Amino acid sequence: MTTLFVAKESRDGETRCAATPETVGRYVKRGFKVLVQAGAGEAANYRDADFSDSGAEIISDFATGCTQTDLVLKVARPTVEEAGLMKKGSLVVSFLQAVQDPESAKALFGAGVGSFAMELVPRTTLAQKMDALSSQANIAGYKAVLLAACELGRYFPLLMTAAGTVKPARVVIFGVGVAGLQAIATAKRLGAIVEATDIRPEVKEQVESLGGKFIEVKSDEDGEEASVYAKEASDDYKKRQAEAVTASVAAANVVITTAQVPGKRAPMLVPDSMIAQMQNGAVIVDLAVEQGGNVEGSEVGKIVVRHGVHIVGTPNLPATVPQHATDLYARNVQHVVDHIVPKKENDDLELRLDMEDEIIAGSIAFLNGDVRHAPTAEALNLEVAKS
Ligand code: NAD
């Protein structure tokens, strides 16, 4: 196995690419033959000529590329049509999102194609370089603030001008994971007053270190062991959270919601009753809109106006910053390839999917006609492989 195929993304709005001329150069240096589908990097400002200069061969279409390789690199989950063109027994490194889009995942499984699912990469120190959820969430958090600033009919910073003093914007952020932290940092850089809340009280220090104020929610669950992962909130917690944030949300010019619970529908945090108390012209950006939404009434791809509040539901925010999203995702993928085709003394390139390896075992959704990941099996109504 020495050939890699970098596919051009076919889904609407997907501007990212799974490789850059830089990562292609690294693959070529290791001895891989790299095929890049024509136009694959165009939307991320990388021309076919840039890839050829790094040693890639440009292939005209997806089907031709797939016939020549066992390892396909992509960003978005393959479509049903793409799955039908892929070689049985080949492996695709890409997002899979089986819970969100079981139809596409089922088609891939049905075609006998293996899946290394980028969203399943364990959140461990060892796997950090491969963690595309983090690299892309960082971009989403940044862009959410910029979208809010553009939609808001007000300044973000405090300004003292001859014509009068402008008060700084007040921003409230729900969910202080990777996206939320970057949203806090970006809103602070623009001069806003920022408050944030999260079900994990241990993020308080991180919020404060970025200059934000943490909205504490008193809860019986406080005594629980801290975890980097959120659990679904109880009804009691949700009630207390709503009480704690209502005054801040009512005073806010901007609310950004980033709350997610791995493997579950995003929690509903901003109900209609809370929106009704917000200021006329305030803006909410719902980063979880594709996972069911944190905000009542948010719609994918739309700006919905409710009680005078503009609710922005732009999907796939990382794809709206295509060049840097591509640069970071492509490096995540390159580290995956280095991990599954490990360096050997004799420089032989061999795909080695060692299921004893924590990163590989955690990230493989399908392999050799088996489903290896329990939540994926559940989403597709299939049996998970025993070993
Ligand atoms: P995520 O996208 O799954 O969720 C975003 C945030 O929403 C989380 O902070 C979560 O606690 C919060 N949330 C969930 N339900 C909520 C509710 N009802 N109310 C308020 N907030 C709610 O999270 P993420 O960005 O993927 O990161 C989760 C954590 O994992 C972070 O602490 C991050 O720093 C950590 N992390 C660690 C590593 C690593 O160690 N390699 C890598 C990535 C992330």
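Just so it is clear, the values below take in all heavy atoms, side chains as well, and ignore hydrogens, waters and symmetry mates. Computed from a prediction, not measured in an experiment: that's the story for all the values here. Whatever order the structure lists them in is the order used to number ligands and atoms, beginning at 1.
- Under a 4.0 Å criterion applied to the non-hydrogen atoms of D131, ligand 1 contributes the atoms 42 (C), 43 (C).
- In this structure, L133 falls outside the shell of residues with a heavy atom less than 4.0 angstrom from ligand 1.
- Annotation: T197 places no N or O atom under 3.5 Å from an N or O atom of ligand 1; distance criterion only.
- The ring pair (Phe, Tyr, Trp, His ring centres under 6.0 Å) search around Y27 returns F32, not counting sequence neighbours.
- Residue L269 has no N or O atom closer than 3.5 Å to an N or O atom of ligand 1.
- Atom 31 (C) of ligand 1 has its nearest heavy-atom neighbour, among R123, Q291, R200, in R200.
- Heavy atoms of G180 come nearer than 4.0 angstrom to ligand 1 in no pair at all.
- Residues satisfying the side chain to side chain contact (heavy atoms under 4.5 Å, CB included) criterion with T161, sequence neighbours excluded, are L159, A163.
- Between D236 and K239 there is no salt bridge, since no side-chain nitrogen of the basic residue lies less than 4.0 Å from a carboxylate oxygen of the acidic one.
- In this structure, R331 does not pair ionically with D327, as no charged nitrogen and carboxylate oxygen lie closer than 4.0 Å.
- Under a 4.0 Å heavy-atom criterion, S134 is in contact with ligand 1.
- Residue V178 has at least one N or O atom closer than 3.5 Å to an N or O atom of ligand 1.
- Put simply, part of Q241 is less than 4.0 Å from ligand 1, judged by heavy atoms.
- Within ligand 1, the atoms closer than 4.0 Å to a non-hydrogen atom of V176 are 9 (O), numbered from 1 in the order shown.
- Salt bridge K8/E42: absent, no basic N to carboxylate O contact under 4.0 Å.
- Side-chain rings of F95 and Y329 approach one another, their centers coming within less than 6.0 Å.
- Considering only non-hydrogen atoms, atom 21 (N) of ligand 1 lies nearest to I199 out of V261, N294, I199.
- Remark: ligand 1 atoms within the under-4.0 Å shell around heavy atoms of A259 are 7 (O), 13 (N), 16 (C), 21 (N), 22 (C).
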